[in-house]
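Before any comments, here is the structure.
Reminder, nothing fancy here: chain letters follow the sequence lines and each chain counts from 1. Since the structure is predicted, the reported quantities are computational estimates derived from the model, not experimental observations.
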Amino acid sequence: MLARTLLRDETGRIGQLLQSRGLAARPLETWQRLDAERRAGLVEIEDLKRKRNEASREIGTIKREGGDASAQIAAVSQSKARVEELQVRLTEVETELTDLEHGFPNVPHESVPVGPSEAENRLERQVGKPREFDFEPQAHWDLGPALGILDFERGAKLSGARFTAYFGAGARLERALINFMLDLHTTEHGYTEVLPPYLVKREAMTGTGQLPKFEADAFRVDSHDLFLIPTAEVPLTNLHSGEILDEAQLPLRYTAFTPCFRAEAGSYGQDVRGLIRQHQFNKVELVQLVHPERSFEALEELTGQAEKVLQLLELPYQVMALSTGDMGFSAAKTYDLEVWLPGQQRYREISSCSNCTDFQARRANLRYRPTGGGKAKLVHSLNGSGLAAGRTLIAILENYQQADGSVLIPEALRPYTGGLERITASG
RNA sequence: GGAGAGAUGGCUGAGCGGCCGAAAGCGACGGUCUUGAAAACCGUUGACCAUUCACGUGGUCCGUGGGUUCGAAUCCCACUCUCUCCGCCA
């Protein structure tokens, strides 16, 4: 959500910026009209309430002194209907305003490339060289089943398309990746490990921006009106909602491994093969709550921490600054990390790191008290994948595959695989 | 799932339908004292919204949502959450 003062005072500039993110001009015009109506209505109703409060106090005084206040009571009763009428309209206007505001995306930072689609994304850097193969590298959807570690058919038998069962060294490798990432972020990068709930309330989903606009993308547990988290960003960012933190506590850095659940509505036919786009996948998430003046610095830092995982695993990747049209709803700026997949001869997203500035903080009511007192201020929230475990497993299979169909385990991971150095079909 | 108790400011905890945005204590902050600190003493200390150039003024908020009343933290209803006991259970 954006600040009302911002929308009010800089309507033109904000309108242009939001249009670069695909928002039409109409809702903003409606917003302006409703905002003016709300404020005019407030002035009127508050004046009536003031008079009513004064009269009520007077009645109290008269009664305490044993007098007859029936005339005053009758007078106040009369203005009651008018107050109620105004109140009803005002509540309607308030609801319409917040509904509109919930539909406005965050304002992009000035450094974000402007454009309607991913074609305008800007390449920031490439790290590592794609390996030269002296054979035709296979895609993971061939490698995985051939090695007996990924079973797409049985996953589908249990749960339908976009669900996969891992077996043996595959399951082990994914678990190793998760532990490797968590250890890195907690011991080297200063994050506190959290094991959050995987089912959250509507309120939490609204706090981070998944609701109300993107409800179709989520899995909901109907019987309890809870949502399966689409990312640990939701529980981690909402951890301190409604609280006022001390400035000295900032920055807060949280990391969590969780499964993530996504309905993937509207992505039929995309990435149907393999492990790229699943309804359920594992991810280690990084979340920071920081001082507002430090958030863009923190984004560079957080992105670097996600990159560190790829560097240690010696996987070639590139960093993209997403364009205004390609960024997520809550983000003011986003870097995507894209890992090289030899089986597909292309870079694929493996992490997305965003500075959400005060957008989520305003929705979730995440504030801090400046040292030395003063008004509570909104923190800035950041999140990034560090990394998506399933896609990292894919990258390892494809980048570390050998001519004989086996797959080497990266050095950095071997402490986590119980001595396993190579995955072979024989197990 | 059944029975009961409760939800008040950063925390603990008072609160007769009007004089309650709310006692008191703790904490925090500022000051006096001190070489410095502690102790003691004095003072300050909620959020949001509207309005004003500003000082300020007004409105709303005592778990949430309704209701009764001229007037609700206080009365009524529903819901949510917490605690205790019982049942079930990894």
Side-chain angles (χ1 to χ4, degrees), chain A residues 1-9 31-102 195-207 211 220-227 235 238-250 252 259 289 358 361-379:
Chain A
M1 225 150 47
L2 305 171
R4 281 191 176 162
T5 47
L6 189 69
L7 286 167
R8 199 177 290 150
D9 300 341
W31 184 90
Q32 270 189 299
R33 182 174 56 70
L34 288 169
D35 178 55
E37 186 179 346
R38 168 177 170 273
R39 286 188 294 156
L42 260 185
V43 170
E44 191 180 353
I45 200 170
E46 285 183 0
D47 188 53
L48 284 169
K49 283 183 177 175
R50 196 199 80 235
K51 286 177 182 153
R52 186 195 62 190
N53 290 343
E54 282 168 0
S56 287
R57 267 192 289 273
E58 202 183 319
I59 291 165
T61 310
I62 294 172
K63 288 208 162 180
R64 235 173 299 123
E65 290 168 356
D68 175 19
S70 49
Q72 283 83 349
I73 291 176
V76 178
S77 300
Q78 266 199 322
S79 71
K80 229 186 143 180
R82 178 66 182 147
V83 174
E84 268 168 27
E85 185 188 322
L86 282 171
Q87 188 60 59
V88 167
R89 177 57 193 153
L90 204 57
T91 308
E92 277 172 21
V93 170
E94 266 294 352
T95 308
E96 284 177 59
L97 270 175
T98 39
D99 284 354
L100 278 172
E101 286 164 359
H102 278 147
L195 205 160
Y198 302 158
L199 287 165
V200 295
K201 294 179 186 176
R202 189 167 282 277
E203 205 182 341
M205 291 284 278
T206 307
L211 291 183
R220 194 180 71 240
V221 178
D222 236 353
S223 56
H224 291 73
D225 202 35
L226 290 170
F227 293 82
N238 282 287
L239 232 32
H240 295 285
S241 71
E243 299 178 22
I244 299 178
L245 303 159
D246 289 332
E247 181 172 352
Q249 289 177 265
L250 303 179
L252 288 172
L289 301 181
D358 62 6
R362 187 170 291 105
R363 289 175 164 239
N365 206 7
L366 298 164
R367 292 175 298 171
Y368 72 96
R369 175 95 51 204
T371 309
K375 266 175 79 81
K377 293 183 183 160
L378 295 168
V379 304

- Could I get the full list of side-chain contact (heavy atoms from CB on, under 4.5 Å) partners for A/Q72, not counting sequence neighbours? A/E58, A/I59, A/I62, A/A69

- Please, what dot-bracket string fits RNA chain B when only Watson-Crick and G-U pairs with both distances under 3.5 Å count, crossing ones use [ ] and pairs to another strand use |? (((((((..(((.....[.....)))((((((.......))))))((((((....)))))).(((((..]....))))))))))))....

- Item | Within-4.5 Å side-chain heavy-atom neighbours: A/R202 and A/R220 | yes

- Message: Contact between A/V379 and A/H240 at the side-chain level, heavy atoms closer than 4.5 Å - yes or no?
- Response: no

- Query: Just by protein heavy atoms under 4.0 Å, how would nucleotides 52-71 of chain B read 5' to 3' in B, S and -?
  - Reply: ------BSS---------BS

- Task: Could you encode protein contacts along nucleotides 8-13 of chain B as a string, one character per nucleotide from 5' to 3', using B for base contact, S for sugar-phosphate-only contact and - for no contact, with a heavy-atom cut-off of under 4.0 Å?
- Result: ------

Integer-rounded Å distance: [N] [atom2] and [X] [atom1]:
X	N	atom1	atom2	value
A/N365	B/C49	CG	C1'	14 Å
A/E58	B/C19	CD	P	15 Å
A/L86	B/A50	CG	P	17 Å
A/E94	B/C49	CD	P	11 Å
A/E44	B/C49	CD	C1'	17 Å
A/L34	B/A50	CG	P	15 Å

- Query: Where along residues 196-203 of chain A does a heavy atom come under 4.0 Å from RNA chain B, residue by residue in number order?
  - Reply: none

Separation between the [atom1] atoms of [N] and [M], rounded to whole Å:
N	M	atom1	value
B/C16	B/C75	C1'	13 Å
B/U44	B/U52	P	31 Å
B/A23	B/G15	C1'	8 Å
B/G10	B/C62	P	14 Å
B/U68	B/C61	P	16 Å
B/G25	B/C42	P	11 Å
B/G87	B/A72	C1'	40 Å
B/C33	B/C26	C1'	23 Å

- Task: Write out all pairs satisfying salt bridge (charged side-chain N to carboxylate O under 4.0 Å, His left out) with one or both partners inside residues 31-42 of chain A, taking only residues at least two apart or from two chains.
- Result: A/R8-A/D35, A/D35-A/R39, A/E37-A/R89, A/R38-A/E94

To the nearest 0.5 Å, how far apart are [atom1] in [X] and [atom2] in [Y]?
X	Y	atom1	atom2	value
A/L2	A/H102	CG	NE2	11.0 Å
A/K201	A/L211	NZ	CG	14.0 Å
A/I45	A/E84	CD1	CD	9.5 Å
A/Q87	A/E92	CD	CD	11.0 Å
A/N238	A/E203	CG	CD	8.0 Å
A/D47	A/L42	CG	CG	12.0 Å

- Considering heavy-atom distances to RNA chain B, does A/T61 or A/R4 have its closest nucleotide positioned more toward the 5' end? A/T61

How close do [X] and [Y] get, counting heavy atoms only, and between which atoms?
X	Y	result
A/A364	A/S241	O-CB, 3.0 Å
A/L378	A/A361	CD2-O, 3.7 Å
A/V200	A/M205	CG2-CG, 3.8 Å
A/G207	A/R363	O-CB, 3.4 Å

- Task: Would you mind classifying the nucleic acid contact of A/R8 as base, sugar-phosphate or nothing, using non-hydrogen atoms under 4.0 angstrom?
- Result: sugar-phosphate

- Could you tell me whether the phosphate oxygens of B/C49, OP1 or OP2, come under 4.0 Å of any side-chain nitrogen or oxygen in A/R39? no

- Going by an N to O cut-off under 4.0 Å, is there a salt bridge joining A/E46 and A/K49? no

